[in-house]
2 protein chains.
Amino acid sequence: MQITRQTEYAVRTLMELAKAEQGKLIPTKTISLNQSIPEVFLKKTIQILANAGLIVTQRGTQGGVRLAIPASEITIADVFTAVEGRLAINVCLNEIYPCPNKPECRVSGVLQRAQDALVAELSRESIADLVGQLEGTFIRGN
Amino acid sequence: MQITRQTEYAVRTLMELAKAEQGKLIPTKTISLNQSIPEVFLKKTIQILANAGLIVTQRGTQGGVRLAIPASEITIADVFTAVEGRLAINVCLNEIYPCPNKPECRVSGVLQRAQDALVAELSRESIADLVGQLEGTFIRGN
DNA sequence: TTAATTTGGATTAAATTCATCTTATTTATC
DNA sequence: GATAAATAAGATGAATTTAATCCAAATTAA
């Protein structure tokens with residue numbers, strides 16, 4: 001019942017990018033050093049965040065990583081979903097899971113409500129909130 | 001970010017006992033069959049619940065398992081804690097974890113609030129609620 | 001007292017997940 | 001072309017989860 005290290009790493013990576021100058025590319029190594037995240041593991045995390053459309057990567061010299069959308073539009077719940085996949089605190093809450101007695105199952109009922117409460121809190125705050133950033137200052141790159 | 005199968009098994013085990021006649025001993029095998037829980041694995045779960053003081057076990061012929069306290073006094077959160085240990089959705093939320101910048105860390109802040117919301121929901125309902133049982137009918141054995 | 005039943009507890013093992021490391025490739029810039 | 005940096009595939013080791021085996025201890029009934 002714990003999030004993985006990678007999920008926290010992802011949140012901290014996005015915070016690091018949010019704190020940087022708008023649109024500026026930050027090398028993975030810098031994030032790794034600033035946030036004490038194992039570099040090679042961070043690379044994988046960055047790929048995940050890029051595939052999820054939360055960040056943009058740029059190869060080559062002067063390359064690096066930057067936010068793809070404003071930090072104020074990335075909720076913590078978004079990060080969780082990007083890294084861990086669809087959030088489900090129990091197998092049975094995954095719509096793919098073939099639990100035969102789903103509608104009337106009272107266990108899944110409680111778990112669903114608990115999960116909803118969790119997600120609501122995680123959706124309440126954005127990366128921008130975490131770094132104490134003012135809104136409306138993001139300039140979309142191209 | 002998922003509970004273990006064992007935690008769900010524990011909830012279902014307690015529900016099974018709550019549905020039984022008050023104070024009646026139910027053999028592990030019966031619970032295993034009724035709830036489709038691997039028998040040997042269930043034994044371990046039962047030991048955990050017994051150590052947590054939620055159930056009472058009795059060896060020998062006609063032996064089995066029964067609730068140690070009224071089903072209305074066992075919340076789902078209690079079961080989670082008994083099986084998974086102190087509930088903490090991130091390592092840093094464990095008071096033992098030596099995160100140097102705990103007080104001002106905003107990540108742990110969000111996570112703490114999310115966890116609180118989760119626990120609140122899990123504490124709202126008891127095993128008795130899950131089986132739709134009337135309260136006040138429990139007779140404490142000796 | 002003996003046999004049957006049932007939990008207790010230790011050990012082992014398979015499967016999965018986590019976290020990290022390795023190595024090589026591609027891309028961009030100077 | 002040399003260099004810097006991301007991309008990608010995959011290997012590895014540790015931890016966790018889930019499960020199975022086996023034998024010991026306790027209790028009850030015949």
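Proteins come first, then strands; the chains are lettered A, B, ... in the order of their sequence lines, and each starts at number 1. Source: prediction; values computed, not measured.
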Per-nucleotide pairing state of DNA chain C [Watson-Crick or G-U, under 3.5 Å; [ ] pseudoknot-crossing; | other strand]: ||||||||||||||||||||||||||||||
Rounded to whole Å, please give me the gap between [atom1] in [X] and [atom2] in [N].
| X | N | atom1 | atom2 | value |
| --- | --- | --- | --- | --- |
| B:Arg66 | C:dT6 | CZ | P | 17 Å |
| B:Ile55 | C:dG8 | CD1 | C1' | 13 Å |
| A:Lys29 | D:dA6 | NZ | P | 10 Å |
| A:Gln6 | C:dT20 | CD | P | 10 Å |
| A:Gln47 | D:dA9 | CD | C1' | 10 Å |
| A:Leu49 | D:dA6 | CG | P | 14 Å |
| B:Gln2 | D:dT16 | CD | P | 17 Å |
| A:Ile48 | D:dA6 | CD1 | P | 16 Å |

Intermediate values then yes/no, side-chain contact (heavy atoms from CB on, under 4.5 Å), B:Leu93 and B:Ser108: CA-CA 7 Å; B:Leu93 296 186; B:Ser108 77; 4.2 Å; yes
Hey, which sits more toward the 5' end of DNA chain C by its nearest nucleotide, A:Ile3 or B:Gly64? B:Gly64
Earlier contact from the 5' end, DNA chain C, for B:Gln58 and A:Pro38: B:Gln58
In residues 39-46 of chain A, what residues come within less than 4.0 Å of DNA chain C, judged by heavy atoms? A:Val40, A:Phe41, A:Lys44
Salt bridge between [X] and [Y], side-chain N to carboxylate O under 4.0 Å?
| X | Y | value |
| --- | --- | --- |
| B:Arg106 | A:Glu125 | no |
| B:Lys43 | B:Glu39 | no |
| A:Glu16 | A:Arg12 | no |

Could you check whether [Y] and [X], counting side-chain N and O atoms only, form a donor-acceptor pair closer than 3.5 Å?
| X | Y | value |
| --- | --- | --- |
| A:Asn90 | B:Gln2 | no |
| A:Asn51 | A:Gln47 | no |
| B:Thr81 | B:Asp78 | no |

Starting at the 5' end of DNA chain D, which residue's closest nucleotide do you reach first, B:Thr4 or A:Gln62? A:Gln62
Hey, mind stepping through B:Val107 and A:Met15 against side-chain contact (heavy atoms from CB on, under 4.5 Å) and telling me if it holds? CA-CA 10 Å; B:Val107 178; A:Met15 288 172 68; 3.5 Å; yes
Please state whether the phosphate of D:dA19, meaning OP1 or OP2, lies under 4.0 angstrom from any side-chain nitrogen or oxygen of B:Tyr9. yes
Does C:dG8 have its OP1 or OP2 closer than 4.0 Å to a side-chain nitrogen or oxygen of B:Thr57? yes
Minimum heavy-atom separation for B:Ala114 and A:Leu122, please, with both atom names. CB-CD2, 3.7 Å
So if I take every side-chain heavy atom of [X] and compare against [options], which nucleotide ends up nearest?
| X | options | value |
| --- | --- | --- |
| B:Arg59 | D:dT18, C:dT5, C:dG8 | C:dG8 |
| A:Arg5 | D:dT27, C:dA19, D:dA6 | C:dA19 |
| A:Thr28 | D:dA6, C:dT7, D:dA4 | D:dA6 |

Exactly one of A:Ile26, A:Val56, A:Leu17 clears side chain to side chain contact (heavy atoms under 4.5 Å, CB included) with A:Arg66, and that residue is A:Val56
